[in-house]
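Throughout, residue positions are numbered sequentially from 1 according to the sequence presented.
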Amino acid sequence: MKNTILATLLAACAAVPLHASDAPAAPVAARSAFVTLGTGGGPVIRRERSEPANAIVVGKTVYLFDTGSGVERQMVGARLSLADVRAVFISHHHIDHNADLGQVLNSRWMFNATNVLPVIGPPGTVDMVRALSQAARPAELAPIGSVGGEGKIAIEKTVHAADMAPAMDQPTVVYKDENIRVLAVTNDHYHFAPGSAAAQVSRSYSFRIEAPDKVYVYTGDTGPSRNLARLAAGADVLVSEVIDLDKMARILKRASDLPPAMLPNMIRHMEEDHLTPAEIGKLSAAAHVGEVVLTHVVPGMDGETDLDGYVNGIAPAFSGPVKLARDLDRF
């Protein structure tokens, strides 16, 4: 009897770790961050705000969302390595969002990146990546550090481009790996004449990035959009473009390089195809997001001291935290 009791006690003790460190470790989700590499909207080059570019960082792995001019320099400022970039996503083919895509591809090739880089974007992305690779052919013919006289691998072999579907009204998975799942929808940034060539090919997308610890939604460029509202439902962080319409209209009206005949269309584009603070407030409240981060700041000019126009109008609808991003901020 005593032997039976002793055996039972020994078995029970063996099942209990002597120290906390002896217990099996619970899986720890990699911490993520959304880094606003460039927060200026539009093609104007500024000193204080770089062109639109963002990074999702999970552990050490980096995912780029838009590659505006200066993105590599901004990555250096954020202490992010180009070698750690796993995939690139382009929201739309306005030059402020894709200008340095070729630079990213060329630099990875120059520094002997070994992984094939997915580049996912609107219709035309496959053609653009092919053309960028072909344009870099002179650089391929003058390599530095080739091995055994055989030359370096062609740039086009270091990248794999994919066009997203031209119509995605419901959130659709466009990428997935062990760190993140990315869903996208077409949004409402273009209002070209039905049947025109531009209307057939031009698309803008918003992205939902589901990381292990947070869900981020990046609007890209858009006006009010039902698709975006569906995509943003329950997100921890909504990273939204923002425009101060009054300030932008004043700038356009006194712009010496804008033909007067173009002014009405430009102002209408700003009104219909971008998000004002009031619209951001409505979207954030309807989607029940945790917090709002404002980027793609328009006009966002150097030396601005009055920033109220970017946030006034959000609070009546949305009571959560709102932050006006600066370059290299992390959320």
Side-chain angles (χ1 to χ4, degrees), residues 34 52-56 63-68 85-99 101-102 104-105 115-133 156 158-211 215-235 238-241 269 272-275 283 286-287 289 296:
F34 192 106
N54 306 279
I56 289 283
Y63 305 85
L64 294 179
F65 287 79
D66 285 335
T67 57
V85 174
R86 179 78 64 85
V88 175
F89 302 83
I90 303 297
S91 65
H92 63 298
H93 287 312
H94 274 164
I95 193 169
D96 53 325
H97 291 256
N98 66 17
L101 177 59
V104 169
L105 302 184
N115 61 306
V116 176
L117 183 72
V119 176
I120 300 166
T125 299
V126 171
D127 290 341
M128 174 175 281
V129 168
R130 182 185 302 114
L132 288 170
S133 299
E156 65 179 0
T158 68
V159 59
H160 177 75
D163 290 351
M164 289 184 286
M168 298 198 312
D169 293 335
Q170 297 296 330
T172 303
V173 176
V174 296
Y175 178 87
K176 183 178 181 180
D177 66 15
E178 72 276 14
N179 292 323
I180 64 171
R181 187 172 78 137
V182 180
L183 300 91
V185 293
T186 44
N187 59 36
D188 291 287
H189 185 50
Y190 298 118
H191 292 84
F192 294 116
S196 65
Q200 293 176 34
V201 300
S202 297
R203 298 291 185 275
S204 181
Y205 297 79
S206 298
F207 296 101
R208 179 186 181 98
I209 306 102
E210 298 177 347
V215 174
Y216 306 90
V217 168
Y218 168 53
T219 68
D221 283 13
T222 182
S225 167
R226 293 181 180 178
N227 293 353
L228 172 57
R230 285 190 283 268
L231 187 76
L238 173 67
V239 183
S240 175
E241 67 142 285
H269 166 67
E272 294 180 347
D273 302 336
H274 291 281
L275 290 173
L283 167 64
V289 303
H296 194 278

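- Within the 4.5 Å cutoff, side-chain heavy atoms of Thr222 are placed close to those of Leu275.
- Listed for the His189 side chain is a donor-acceptor partner under 3.5 Å among the backbone atoms of Asp273.
- Side chains of Tyr216 and Ile56 form a contact here, defined as non-hydrogen atoms less than 4.5 Å apart.
- Looking at Asp177, its side chain does come within 3.5 Å of a backbone N or O of Ile180 through a donor-acceptor pair.
- Looking at every heavy atom in both residues, Ser196 comes nearest to Ala193 through OG-O, 2.7 Å.
- In this structure, Leu283 and Pro224 have side chains that are not in contact, with every pair of non-hydrogen atoms separated by 4.5 Å or more.
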Q.
Please evaluate residues Val182 and Phe65 with respect to the criterion side chain to side chain contact (heavy atoms under 4.5 Å, CB included), reporting the C-alpha separation (whole Å), side-chain torsions for both, the decisive distance (0.1 Å), and the verdict.
A. CA-CA 11 Å; Val182 180; Phe65 287 79; 4.2 Å; yes
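- Remark: side-chain polar atoms of Arg203 are paired, donor with acceptor, to backbone N or O of Pro166 under 3.5 angstrom.
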Could you go through the side chain to side chain contact (heavy atoms under 4.5 Å, CB included) check for Tyr63 and Asn179 one step at a time?
-> CA-CA 10 Å; Tyr63 305 85; Asn179 292 323; 3.0 Å; yes
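- Nearest heavy atoms, Ala53 versus Gly68: CB-N, 4.0 Å.
- Remark: Asn115 CG to His160 NE2 distance equals 13.5 Å, nearest 0.5 Å.
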>> Using side chain to side chain contact (heavy atoms under 4.5 Å, CB included), reason through Val174 and Met168 one step at a time and then give a plain yes or no.
In response: CA-CA 11 Å; Val174 296; Met168 298 198 312; 4.1 Å; yes
Exercise for review: Let me see the working for Ser204 and Asp221 under side chain to side chain donor-acceptor pair (under 3.5 Å), right down to the final yes or no.
Suggested key: CA-CA 7 Å; Ser204 181; Asp221 283 13; over 6 Å; no
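- A donor-acceptor contact shorter than 3.5 Å is absent between the side chain of Ser206 and the backbone of Gly220.
- Closest approach of Ser225 to Thr186, counting heavy atoms only: OG-O, 4.3 Å.
- Annotation for His191: atom NE2 counts as buried by contact number, over 12 foreign heavy atoms lying within 6.0 Å.
- Under the 30°/60° scheme for interplanar angles, the aromatic rings of His92 and His94 are found to stand perpendicular.
- Listed by first then second residue, pairs satisfying side chain to side chain donor-acceptor pair (under 3.5 Å) with a partner in residues 163-172 read Asp169-Asn227, not counting sequence neighbours.
- Among residues two or more places apart in sequence or in another chain, the side chain to side chain contact (heavy atoms under 4.5 Å, CB included) test is passed with Ala287 by Ala232, Val289.
- A distance below 6.0 Å separates the ring centres of His274 and His269.
- Between Phe207 and Tyr218, the angle of the ring planes stays under 30°, which puts this pair in the parallel group of the 30/60° scheme.
- A distance of 8.0 Å separates OG in Ser91 from NE2 in His296, rounded to the nearest 0.5 Å.
- Closest approach of Val85 to Leu117, counting heavy atoms only: O-CD1, 3.7 Å.
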- Item | Trace of the side chain to side chain contact (heavy atoms under 4.5 Å, CB included) decision for Asp127 with Arg130 | CA-CA 5 Å; Asp127 290 341; Arg130 182 185 302 114; 2.9 Å; yes
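- In this structure, CE on Met164 lies 7.5 Å from CD1 on Ile120, to the nearest 0.5 angstrom.
- Across Ser133 and Val159, no two heavy atoms sit closer than the pair OG-CG1, 4.3 Å.
- Residue Pro123 comes nearest to Tyr205 through the heavy atom pair CD-OH, 3.3 Å, listed as atom of the first residue, atom of the second, then distance.
- Considering only heavy atoms from C-beta on, Leu105 comes within 4.5 Å of Val129 through its side chain.
- Under a 3.5 Å cut-off, the side chain of Arg208 and the backbone N or O of Leu231 do form a donor-acceptor pair.
- Of the inter-residue distances, the one linking Leu238 atom CG with Leu228 atom CG reads 7.0 Å to the nearest 0.5 angstrom.
- The backbone N or O of Gly223 sits nowhere less than 3.5 Å from a side-chain atom of Glu272 that would complete a donor-acceptor pair.
- The side-chain hydrogen bond (donor to acceptor under 3.5 Å, both in side chains) test applied to Asn98 returns His93, not counting sequence neighbours.
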